[in-house]
Amino acid sequence: QVQLQESGPGLVKPSQTLSLTCTVSGGSITTNYYYWSWIRQPPGKGLEWMGAIRYTGQTYYSPSLKSRTSISRDTSKNQFTLQLSSVTPEDTAVYYCARDSRLRRVPTTIDEYDYWGQGTQVTVSS
């Protein structure tokens, strides 16, 4: 059973960089042929796919967030990380990490992914 767990600060100040880590257990992030994604849901809004890292290490980003987003991984720890720079209050959301065999860029519900974490609330406020 694959499990994903998001971790990181729950409060970030405007203009700072948000950093979240997804720790994966029960499966390797280098296993063929999976994509490991970051998705968020602002209050009262739908899911927004932010980007993904493939098992090869190749990254993919949402065009609307590409200039501020970086996804990387640490294979020794079986973790992948999201960095979102220059945050504003509009980046306040529940952030999820997830796995799928397809690059799902337009999710409607989080259970469209094979596995997903419980989500972590991030609030951007001074």
Going by heavy atoms in the side chains, are [X] and [Y] under 4.5 Å from each other?
X      : Y      : answer
Leu20  : Val122 : yes
Tyr33  : Ser101 : no
Pro107 : Ile39  : yes
Tyr61  : Ile71  : yes
Arg73  : Thr30  : yes
Ser86  : Ser15  : no
Asp74  : Thr81  : no
Gln121 : Thr92  : yes

Supply the atom-to-atom distance [X] [atom1] to [Y] [atom2], rounded to the nearest 0.5 angstrom.
X      : Y      : atom1 : atom2 : result
Lys77  : Thr21  : NZ    : OG1   : 8.5 Å
Leu4   : Ser37  : CG    : OG    : 10.5 Å
Asn78  : Ile29  : CG    : CD1   : 5.0 Å
Arg102 : Tyr113 : CZ    : OH    : 10.5 Å
Cys97  : Ile110 : SG    : CD1   : 8.5 Å

* Asked: Tyr34 ring centre to Arg99 NZ or CZ under 6.0 Å, with the angle to the axis within 45°?
  ->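 Arg99 over Tyr34 ring: yes.
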Do the side chains of [X] and [Y] join up, straight or via other hydrophobic residues, at under 4.5 Å, putting them in one cluster?
X      : Y      : answer
Val24  : Leu103 : no
Ile53  : Val2   : yes
Val124 : Val94  : no
Tyr96  : Met50  : no

* Looking at Tyr60 versus Tyr35, is the centre-to-centre ring distance below 6.0 Å? ->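 Tyr60 vs Tyr35: aromatic centres under 6.0 Å.
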* **Test of ring centre spacing under 6.0 Å for Trp38 and Phe80** =>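 That pair passes the under 6.0 Å test.
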Under 3.5 Å, is there a donor on one side chain and an acceptor on the other for [X] and [Y]?
X     : Y     : result
Thr17 : Gln83 : no
Arg40 : Tyr95 : yes
Ser62 : Ser64 : yes

* Structure fact -> Exactly one of Gln3, Glu6, Gln79 clears side chain to side chain donor-acceptor pair (under 3.5 Å) with Thr23, and that residue is Gln79
* Step by step, work out the side chain to side chain contact (heavy atoms under 4.5 Å, CB included) result for Gln118 and Gln5. => CA-CA 7 Å; Gln118 65 182 19; Gln5 178 67 57; 3.5 Å; yes
* Asked: Would you find a donor on one side and an acceptor on the other, under 3.5 Å apart, between the side chain of Arg68 and the backbone of Leu84?
  ->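 Pair absent, no side-chain N/O of Arg68 close to backbone of Leu84.
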* Within the side chain of Asp91, is there an N or O that forms a donor-acceptor pair under 3.5 Å with the backbone of Thr88? -> yes
* To do: Carefully, step by step, assess Glu48 and Leu65 under the rule side chain to side chain contact (heavy atoms under 4.5 Å, CB included).
  => CA-CA 10 Å; Glu48 179 182 23; Leu65 295 170; 3.8 Å; yes
* Please step through side chain to side chain contact (heavy atoms under 4.5 Å, CB included) for the pair Leu11 and Ser125, ending with a clear verdict. => CA-CA 7 Å; Leu11 180 64; Ser125 175; 4.1 Å; yes
